[in-house]
Amino acid sequence: MKWPNMPRERFVGLLKRVKDMRDRIARFDEKPPPHHLIDEPTTFAEVMREFVS
């Protein structure tokens, strides 16, 4: 595994936003996530794929 090609602070921020979205879904929040957050899990998954390759 190698560290993704991004600053650690950005990676941690992305991880926090994905965790917050997961928490909203797990708690069955009635409000849908804002549009600007919809792509965050996909972006995070792409970063993680790079991380393990």
Lys16 side chain reached by Asp20 side chain, heavy atoms, under 4.5 Å: yes
Reported CZ-to-CZ distance for the pair Arg27 and Arg22, which is rounded to 0.5 angstrom: 8.0 Å
Donor-acceptor contact below 3.5 Å, side chain Arg24 vs main chain Lys31: yes
Shortest non-hydrogen separation from Leu14 to Glu40 and the atoms involved: CD1-OE1, 3.0 Å
Close side-chain approach of Met48 and Phe11, heavy atoms under 4.5 Å: yes
Reported CZ-to-CG distance for the pair Arg10 and Leu15, which is rounded to 0.5 angstrom: 13.5 Å
